[in-house]
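So the structure is just underneath, and the comments pick up after that.
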Amino acid sequence: MAGEAGVAAFGVIMYISFVYESAYLGYAQGIAPVISFNYGAQNRKELHNVFTKSLVFYGMTGLVVTLASLAFASPLAWLFTGYNQSLYTLIIHGLRLYALSFTISGFPIFVASFFHCTQQWAGGGCHLCLSILFELIAILVRPLILGVDGIGISVDAANVAALLLAIWFWKQNQSKYGY
């Protein structure tokens, strides 16, 4: 749809997103033993405490990463493509569209991890939907409606769908697990 320059621009944006989202993944993996321990010990108070602090962590870092991505779109794009003005411009535009996904992308990552730690099938379901199903649907449908900009916001749409699924799973299991 955007030619080889569009593919290159999207590749750069994905590299940048991997750096940011590695913090989300690192936190989810680091907190997993704490969640599992408190779940196994049936310590609902501490499970609720960890759950709440994790939501705050993801909310705050999501906001910071989104703002940083918007503020530093130009230098980040220049690092990869300072030699090609048209590619540089594509990356800046695409990163600004994609950056909105950082606001909420940590939540579905945490949900999948949390449910895996509490031995619930929902963890796999959230991960499968986020990683494959929602992104595939968004990347196929959004560009048909919005053109090239639809590619940049396809991840945003997938993350919103994953967040809604996560909220539904949380609500379904809240009383059972006490978080």
Side-chain angles (χ1 to χ4, degrees), residues 1-32 54-116 123-167:
M1 187 173 261
E4 59 190 38
V7 172
F10 193 73
V12 169
I13 293 165
M14 293 307 299
Y15 289 138
I16 293 168
S17 77
F18 292 153
V19 171
Y20 291 142
E21 291 186 1
S22 66
Y24 300 147
L25 291 167
Y27 180 87
Q29 290 177 355
I31 200 72
S54 296
L55 293 181
V56 170
F57 168 79
Y58 282 106
M60 297 301 288
T61 56
L63 182 62
V64 168
V65 167
T66 297
L67 293 174
S69 296
L70 294 170
F72 297 109
S74 181
L76 288 169
W78 182 84
L79 278 173
F80 289 94
T81 60
Y83 59 89
N84 185 320
Q85 185 62 38
S86 63
L87 188 54
Y88 169 81
T89 303
L90 272 173
I91 293 170
I92 290 174
H93 180 70
L95 185 58
R96 287 184 176 147
L97 293 172
Y98 193 98
L100 298 174
S101 73
F102 296 133
T103 306
I104 62 169
S105 64
F107 292 107
I109 291 169
F110 175 65
V111 169
S113 177
F114 185 87
F115 286 139
H116 280 297
C126 283
H127 188 70
L128 177 69
C129 287
L130 173 62
S131 300
I132 299 172
L133 183 63
F134 293 154
E135 287 188 25
L136 181 62
I137 291 169
I139 201 77
L140 292 173
V141 173
R142 288 286 182 186
L144 296 174
I145 299 167
L146 301 171
V148 174
D149 285 352
I151 296 168
I153 64 168
S154 62
V155 175
D156 300 341
N159 279 322
V160 167
L163 180 61
L164 293 173
L165 179 64
I167 291 169

Just do the side chain to side chain contact (heavy atoms under 4.5 Å, CB included) check on F102 and V64 with the steps written out, would you? CA-CA 9 Å; F102 296 133; V64 168; over 6 Å; no
Are more than 12 heavy atoms from other residues, nucleotides or ligands located less than 6.0 Å from atom CZ of F57? yes
Indicate the atoms forming the closest heavy-atom contact of A99 with T66, along with that distance. O-OG1, 3.3 Å
Spacing of CD1 belonging to I16 relative to CD1 belonging to I91, to within rounding of 0.5 Å: 7.0 Å
Rounded distance (nearest 0.5 Å) linking atom CG of L95 with atom OG of S74: 10.5 Å
So CD1 of I13 and CG of L90: to nearest 0.5 Å the spacing works out to 8.0 Å
Looking at M14, I'd like to know if its CE atom is crowded, meaning that more than 12 non-hydrogen atoms belonging to other residues, nucleotides or ligands lie closer than 6.0 Å. yes
Residue pair Y88 / T81: nearest heavy atoms and the distance that separates them: CA-OG1, 3.5 Å
Under 4.5 Å between any side-chain heavy atoms of S17 and Y20, yes or no? no
From OG1 (T103) to CG (L67), nearest 0.5 Å: 7.5 Å
Could you pull out the closest heavy-atom pair between I109 and A28, with the gap in Å? CG2-CB, 4.1 Å
Looking only at heavy atoms, what is the nearest atom pair of A73 and I92, with distance? O-CG1, 4.0 Å
Separation between OH (Y15) and CG (L76), nearest 0.5 Å, reads 15.0 Å
Is a donor on one side and an acceptor on the other found under 3.5 Å between the side chain of S113 and the backbone of F110? no
With under 30° as parallel and over 60° as perpendicular, where do the rings of Y58 and Y24 fit, or are they tilted in between? tilted
